[in-house]
Asker: 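For reference, the structure I am asking about is given below.
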Amino acid sequence: MSDENDQACQRCGETVELSQDDYELFERIHPECFHYAFEHDLNKPGISVDEDCGDPACPSGA
Ligand SMILES: [Zn+2]
Ligand SMILES: [Zn+2]
């Protein structure tokens, strides 16, 4: 499989359904993966991905 348009997430491996610009902007990972990788534990170090970190953009938020 060598689809030039395939934008695979560098973190979870799933296809990223974003424009290429956004894909590059998010370091070639999903916005959620970007959040978990770089933002999720900023305020609460060691927090699990299932917990809401308090960020309004947190995918784990209610
Ligand atoms: Zn991902
Ligand atoms: Zn979070």
Side-chain angles (χ1 to χ4, degrees):
M1 299 255 280
S2 58
D3 185 346
E4 290 180 9
N5 293 322
D6 190 36
Q7 299 178 156
C9 175
Q10 301 301 300
R11 188 165 190 264
C12 73
E14 298 289 327
T15 301
V16 180
E17 308 276 354
L18 290 175
S19 71
Q20 187 170 6
D21 283 351
D22 286 344
Y23 178 59
E24 301 285 345
L25 187 68
F26 282 105
E27 307 284 350
R28 303 184 176 216
I29 58 181
H30 291 109
E32 311 92 271
C33 287
F34 184 91
H35 175 78
Y36 288 132
F38 300 112
E39 301 172 338
H40 188 64
D41 65 355
L42 281 182
N43 295 324
K44 300 179 180 179
I47 187 175
S48 107
V49 297
D50 295 327
E51 292 180 81
D52 182 357
C53 66
D55 188 322
C58 185
S60 299

Asker: Which pairs with one or both residues in residues 10-20 pass salt bridge (charged side-chain N to carboxylate O under 4.0 Å, His left out), sequence neighbours excluded?
Answerer: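 Every pair satisfying salt bridge (charged side-chain N to carboxylate O under 4.0 Å, His left out) with a residue in residues 10-20: there are none.
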Asker: Just wondering, do L18 and P31 contact through their side chains at under 4.5 Å, heavy atoms?
Answerer: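 Of all side-chain heavy-atom pairs linking L18 with P31, at least one is under 4.5 Å.
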Asker: Restricting to pairs with a member in residues 41-62, which pass ring pair (Phe, Tyr, Trp, His ring centres under 6.0 Å), not counting sequence neighbours?
Answerer: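 Output for this query is empty, none listed.
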Asker: Got a sec, which residues hit side-chain contact (heavy atoms from CB on, under 4.5 Å) with L25, two or more places apart in sequence or on another chain?
Answerer: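 Result, side-chain contact (heavy atoms from CB on, under 4.5 Å) vs L25: D22.
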Asker: Side chains of residues 49-58: which donor-acceptor partners sit under 3.5 Å, not counting sequence neighbours?
Answerer:
residue : atom : partner : partner atom : Å
E51     : OE2  : S48     : N            : 3.3
D52     : OD1  : G54     : N            : 2.8
D55     : OD1  : A57     : N            : 2.7

Asker: Can you pull out every ring pair (Phe, Tyr, Trp, His ring centres under 6.0 Å) where at least one residue sits in residues 43-62? Sequence neighbours excluded, please.
Answerer: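 Listed once each, the pairs would be none.
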Asker: For S19 and Q7, work out which heavy atoms get closest and say how close.
Answerer: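 For S19 and Q7, the tightest heavy-atom pair comes out as C-OE1, 4.0 Å.
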Asker: Can you name the closest pair of heavy atoms from I29 and A37 and give their distance?
Answerer: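 For I29 and A37, the tightest heavy-atom pair comes out as CD1-CB, 4.4 Å.
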Asker: Whether the side chain of Y23 engages the backbone of A8 through a donor-acceptor N/O pair (distance < 3.5 Å, no angle test) should be reported.
Answerer: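 Looks like yes, one N/O pair under 3.5 Å.
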Asker: Can you name the salt bridge (Lys or Arg N to Asp or Glu O under 4.0 Å) partners of E27, sequence neighbours left out?
Answerer: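 E27: no salt bridge (Lys or Arg N to Asp or Glu O under 4.0 Å) contacts found.
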Asker: Keeping to residues at least two apart or across chains, list the ring pair (Phe, Tyr, Trp, His ring centres under 6.0 Å) pairs with something in residues 37-62.
Answerer: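 The answer is F34-F38, H35-H40, Y36-H40.
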Asker: Can you list the residues that meet the side chain to side chain donor-acceptor pair (under 3.5 Å) rule with E24, with sequence neighbours excluded?
Answerer: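 E24 satisfies side chain to side chain donor-acceptor pair (under 3.5 Å) with R28 once adjacent residues are dropped.
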